[in-house]
Amino acid sequence: MIATKSLLATILIAISSFSQINAGQIRLCAKTATTFQPVSNADVKCWDEDLNNDDFMTGGQTGSDGCVTLSYTNKPTSWKCWKWWDSCVSKHPDIFCEVSGQCLQPALTGIKDDHNQNNLADFGNVYLRENSSYCGSVNWNGCGPSSFPDWLSDIFDDVSGFRDQCNDHDACYDICSKTREQCEDEFKEAMYSECNGSWSCEFLADIFYRTVYTFSENICEDSKRKSGCTSLQIASCVI
């Protein structure tokens with residue numbers, strides 16, 4: 001009987017160890033950027049950055065202390081390299097997360113390149129700024145239309161430095177009380193503020209502004225329809 005119990009204990013320990021090895025973990029804490037208070041119920045989504053489309057890894061919400069520990073399923077590291085995180089390029093993920101919340105500007109963590117999936121990916125504190133544009137149900141996807149593959153959107157975000165401004169612009173279209181002309185003007189003003197007088201930056205801002213001013217009527221209308229705006233508010237997308 002003792003031998004049987006000992007065998008069962010050994011099996012349970014082995015199963016537990018196997019489960020831990022095959023479940024990676026990500027931890028971070030969300031805090032407000034001004035008062036440094038914990039942000040509870042913040043949405044956290046994490047991806048493995050890829051050259052084409054980023055692979056979603058896991059998601060969840062922060063607890064009352066503003067922190068969350070998320071689990072994800074590890075991938076095989078055997079000779080079958082097509083099953084690795086980045087096919088035959090890397091056995092380990094390049095992890096990054098986005099943190100967002102009601103009336104808070106979404107924030108990205110840094111990227112943990114080629115992170116050993118058997119070790120905790122601890123991003124520490126992520127600070128979120130208050131922003132009324134993100135109150136209610138709004139959507140954002142950085143710079144470029146949602147039809148863009150992740151790698152192209154990442155290039156637009158990184159090269160321009162306008163990721164936050166593009167997100168605010170996306171969210172603006174979802175706000176029924178704002179006309180499209182208001183959204184475009186605020187977008188240009190925010191980009192110019194980010195440029196801080198750099199003529200090359202302002203030149204790029206003008207291109208972004210002219211592009212959305214010319215081609216975003218249908219995007220604005222679709223966003224306002226999904227937000228349940230009135231026909232008059234949807235009509236304000238025509239400028």
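Numbering starts at 1 and runs along the sequence shown.
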What heavy-atom pair brings [X] and [Y] nearest, and what distance separates the two atoms?
{"X": "I234", "Y": "C229", "value": "CD1-O, 3.8 Å"}
{"X": "H92", "Y": "S90", "value": "O-OG, 3.0 Å"}
{"X": "D55", "Y": "K75", "value": "OD2-NZ, 4.4 Å"}
{"X": "D174", "Y": "S227", "value": "O-OG, 3.1 Å"}
{"X": "C176", "Y": "G228", "value": "SG-C, 4.3 Å"}
{"X": "T35", "Y": "T32", "value": "OG1-OG1, 2.7 Å"}

Contacts of D113 meeting side chain to side chain contact (heavy atoms under 4.5 Å, CB included) (sequence neighbours excluded), chain-then-number -> D94, I111
Mind checking the [atom1]-[atom2] spacing from [X] to [Y]? Nearest 0.5 Å is all I need.
{"X": "D206", "Y": "C195", "atom1": "CG", "atom2": "SG", "result": "8.5 Å"}
{"X": "L128", "Y": "C103", "atom1": "CG", "atom2": "SG", "result": "12.0 Å"}
{"X": "I95", "Y": "N116", "atom1": "CD1", "atom2": "CG", "result": "9.5 Å"}
{"X": "T58", "Y": "K45", "atom1": "OG1", "atom2": "NZ", "result": "12.0 Å"}
{"X": "D86", "Y": "D48", "atom1": "CG", "atom2": "CG", "result": "5.0 Å"}
{"X": "C46", "Y": "F56", "atom1": "SG", "atom2": "CZ", "result": "7.5 Å"}

For residues [X] and [Y], determine if any side-chain heavy atom of one lies less than 4.5 Å from a side-chain heavy atom of the other.
{"X": "S100", "Y": "Y134", "answer": "no"}
{"X": "F187", "Y": "C172", "answer": "no"}
{"X": "Y173", "Y": "C237", "answer": "no"}
{"X": "D170", "Y": "N139", "answer": "no"}
{"X": "F162", "Y": "C201", "answer": "yes"}
{"X": "T230", "Y": "K224", "answer": "no"}
{"X": "Y127", "Y": "L104", "answer": "no"}
{"X": "I26", "Y": "K112", "answer": "no"}

Quick check against the 3.5 Å criterion: does [X] have a side-chain atom that pairs as donor or acceptor with the backbone of [Y]?
{"X": "S223", "Y": "I219", "result": "yes"}
{"X": "T62", "Y": "A42", "result": "yes"}
{"X": "T179", "Y": "Q182", "result": "yes"}

Checking side chain to side chain donor-acceptor pair (under 3.5 Å) against W140, which of Q105, E98, H169 comes through? E98
Go through it in stages, so that I can follow the logic: the residues are C220 and C183, the test is disulfide (SG to SG under 2.5 Å), and I'd like the CA-CA distance, side-chain angles, deciding distance and then a yes or no. CA-CA 10 Å; C220 174; C183 292; over 6 Å; no
Test salt bridge (charged side-chain N to carboxylate O under 4.0 Å, His left out) applied to D222 - qualifying residues, sequence neighbours left out: R225
Once salt bridge (charged side-chain N to carboxylate O under 4.0 Å, His left out) is applied, do any residues pair with K91, and if so which ones, sequence neighbours excluded? none
Taking it one step at a time, do R180 and E184 satisfy salt bridge (charged side-chain N to carboxylate O under 4.0 Å, His left out)? CA-CA 6 Å; R180 179 170 158 235; E184 312 306 22; 2.9 Å; yes
Atom [atom1] of [X] with >12 non-hydrogen neighbours under 6.0 angstrom:
{"X": "Q102", "atom1": "CD", "value": "yes"}
{"X": "W199", "atom1": "CH2", "value": "no"}
{"X": "E130", "atom1": "CD", "value": "no"}
{"X": "L232", "atom1": "CG", "value": "no"}

Run the numbers on Q117 and T77 for side chain to side chain contact (heavy atoms under 4.5 Å, CB included), then give the verdict. CA-CA 10 Å; Q117 61 182 353; T77 57; 3.4 Å; yes
Which of parallel (below 30°), tilted (30 to 60°) and perpendicular (above 60°) describes Y209 and Y213? tilted
Just checking, is any N or O donor in the side chain of D168 or S133 under 3.5 Å from an acceptor N or O on the other one? no
Could you please spell out the steps behind the side chain to side chain contact (heavy atoms under 4.5 Å, CB included) verdict for C143 and F208? CA-CA 9 Å; C143 298; F208 274 49; 3.9 Å; yes
Linking I/L/V/M/F/W/Y whenever their side-chain heavy atoms sit closer than 4.5 Å, directly or via other members, would M57 and V126 fall into one cluster? yes
Any link between I239 and V212 through a network of hydrophobic side chains (Ile, Leu, Val, Met, Phe, Trp, Tyr) touching at under 4.5 Å? yes
Does D164 form a side chain to side chain contact (heavy atoms under 4.5 Å, CB included) with R129? I'd like the steps, not just the answer. CA-CA 11 Å; D164 288 344; R129 293 187 296 107; 4.1 Å; yes
Steps toward side chain to side chain contact (heavy atoms under 4.5 Å, CB included) verdict (E217, V238): CA-CA 6 Å; E217 180 180 316; V238 179; 3.7 Å; yes
In Y72, F96, W85, the residue satisfying ring-ring contact (aromatic ring centres under 6.0 Å, His included) with W47 is F96
